[in-house]
Amino acid sequence: MITMKKAIKNQFQINENKCLAVLLLELGFFLAGMLLLAILMRVVIDEGDGTFPLATIAAAFAGAVFLFANFGEDYTSQFHTQISLGCTRKGFFVSVLLNHLVLSTFGMVILLVFARAEDALNVRLYPMEEPEFAIFPILLRYGIAAVLGLPAAAALFGTLCNRFGQSVRIVFFILWMMFWFGMQWVMEAITEQEKEIPGLFRGIAGVITAVPSGMWPVIGALALILALGGAWRLLRKQQVN
C-alpha cells in the first residue's frame, strides 16, 4: 500500500515539467498579446482611446485553459493506474489536489509579474494614452479565489468525466466559453448600464450586484467545498478498470 507521503511525492514527480510548460505558455501568449496590442494601437485604435491589458489577459486565458484541461485529465488518466499500483483513493485525491494547488499558485505568480510588467510597458510605449484599467490590482483582488477555484472546478470536472464520459467535456466547454467571453458583457452591464447587452448577461449582472459584497467570500467558500465534496464523493465510488 502506498503511503500518503509517497503518493504526494509520486504526483509531483509525474508533473514536474508542468511548471515550465505553464511559464512558456503564458510567456508566449503574453508576448503575442503585446505584439497584437501594438498592431491595434497603430492600425485600429484611435488616438486617445487608451490602452488595454491585452497581453496579461491573453496569458491568463491560455494558462487557465491549459491548467484546467490538465488538472481534469489527471483525474481520468492517472486514477486507474495509481489505484491499481496500490495508492488509496484518499492518497490519490489529496496528492493530485496539492499538486494542482502548487501549479495554480505558480501560474498566478507568473501572471502577477506579467501584469506589473505590462502596466509599466504600456505607460512607456504609449505615454499619451490613458490605460482603461490596471490589471495588476484585479489579479491581486481575485487571485486567491482563482488559485483555489481552478483546482476545485477541475477536480469536479475530472471526476465527472471519469464517471459519465465525453458528454461532460462538451457541457463544461460550453460553460467555460460562456464564462470567458461573457464576463466582458457582464462587467459592461454593471459599469455601463445604458449600453445594449444581451439579456442573459444583464440578468447575471443583476444577480451579482444584488449580492452584498461581504457575502462573496462566503459564497466562494461554499462553492469550493461543494465542488471538492462532490469530486471526492464521485471518486470514492469510481470503479477501477
Side-chain angles (χ1 to χ4, degrees), residues 1-28 59-111 143-176 179 217 219-241:
M1 186 71 67
I2 297 177
T3 64
M4 179 72 74
K5 183 178 180 180
K6 180 65 174 177
I8 293 172
K9 182 180 179 181
N10 288 345
Q11 194 60 227
F12 277 87
Q13 288 176 340
I14 291 170
N15 294 309
E16 61 184 353
N17 294 324
K18 284 187 180 178
C19 279
L20 178 60
V22 171
L23 172 61
L24 294 177
L25 181 73
E26 292 187 353
L27 176 60
F61 178 79
V65 170
F66 174 79
L67 287 175
F68 184 82
N70 274 269
F71 290 172
E73 188 64 26
D74 283 347
Y75 288 95
T76 58
S77 64
Q78 296 184 31
F79 173 76
H80 302 287
T81 301
Q82 293 291 331
I83 301 302
S84 298
L85 290 173
C87 186
T88 64
R89 282 171 167 79
K90 182 179 178 180
F92 174 76
F93 185 73
V94 171
S95 64
V96 171
L97 183 61
L98 285 176
N99 182 263
H100 291 174
L101 285 171
V102 170
L103 286 168
S104 186
T105 301
F106 178 76
M108 180 56 66
V109 170
I110 296 301
L111 284 179
I144 294 177
V147 165
L148 296 176
L150 189 65
L156 183 59
F157 167 69
T159 51
L160 282 169
C161 287
N162 222 2
R163 177 64 64 86
F164 300 109
Q166 189 66 27
S167 58
V168 178
R169 299 177 189 273
I170 297 171
V171 172
F172 264 79
F173 177 77
I174 293 171
L175 293 174
W176 185 262
F179 171 79
I219 294 172
L222 287 174
L224 184 73
I225 292 170
L226 287 172
L228 290 177
W232 171 239
R233 185 176 178 84
L234 287 165
L235 194 69
R236 284 182 62 189
K237 297 183 178 181
Q238 179 65 41
Q239 297 296 317
V240 180
N241 296 334

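When reading the values below, keep in mind they use all heavy atoms of this one structure, side chains included, and skip hydrogens, waters and symmetry mates.
One finds the OG1 atom of Thr159 at 9.0 Å from the CZ atom of Phe164 (value rounded to the nearest 0.5 Å). With values rounded to the nearest 0.5 angstrom, Thr76 atom OG1 is found 11.5 Å from Leu160 atom CG. With rounding to the nearest 0.5 Å, the separation of OG in Ser77 from CG in Asn162 is 9.0 Å. Note that the NZ atom of Lys9 and the CG atom of Asn99 stand 14.5 Å from one another [nearest 0.5 Å]. One distance of note links CG of Leu97 with CG of Leu148; it measures 9.5 Å at 0.5 Å rounding.
Across all their heavy atoms, Leu67 and Leu103 have their closest contact at CD1-O, 4.1 Å. In this structure, Glu26 and Ala59 approach most closely via the heavy-atom pair O-CB, 3.4 Å. For the residue pair Met108 and Val147, the shortest heavy atom distance occurs at CB-CG2, 3.7 Å. Ala146 and Ser104 get closest at one heavy-atom pair: O-OG, 3.9 Å. Across Ala154 and Phe71, no two heavy atoms sit closer than the pair CB-CB, 3.3 Å. Nearest heavy-atom pair across Ile83 and Cys87 is CD1-O, 3.2 Å.
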Donor-acceptor pairs under 3.5 angstrom involving side-chain atoms of residues 225-235: please list them, not counting sequence neighbours.
none

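Within a 6.0 Å sphere centred on CG of Leu175, other residues, nucleotides and ligands contribute more than 12 heavy atoms. More than 12 heavy-atom neighbours from other residues, nucleotides or ligands sit within 6.0 angstrom of CZ on Phe12.
Under the side-chain hydrogen bond (donor to acceptor under 3.5 Å, both in side chains) criterion, Arg236 pairs with no residue at all, not counting sequence neighbours. With sequence neighbours excluded, the residues forming a ring-ring contact (aromatic ring centres under 6.0 Å, His included) with Phe157 are Phe68, Phe172, listed by chain and number.
Panel note: side chain Thr81, backbone Gln78; no donor-acceptor pair is recorded below 3.5 Å.
Between Phe92 and Phe79, the two ring planes are perpendicular [angle over 60°; tilted spans 30° to 60°].
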Dump the intermediate steps for side-chain contact (heavy atoms from CB on, under 4.5 Å) on Val168 and Arg163, then the final yes or no.
CA-CA 9 Å; Val168 178; Arg163 177 64 64 86; over 6 Å; no
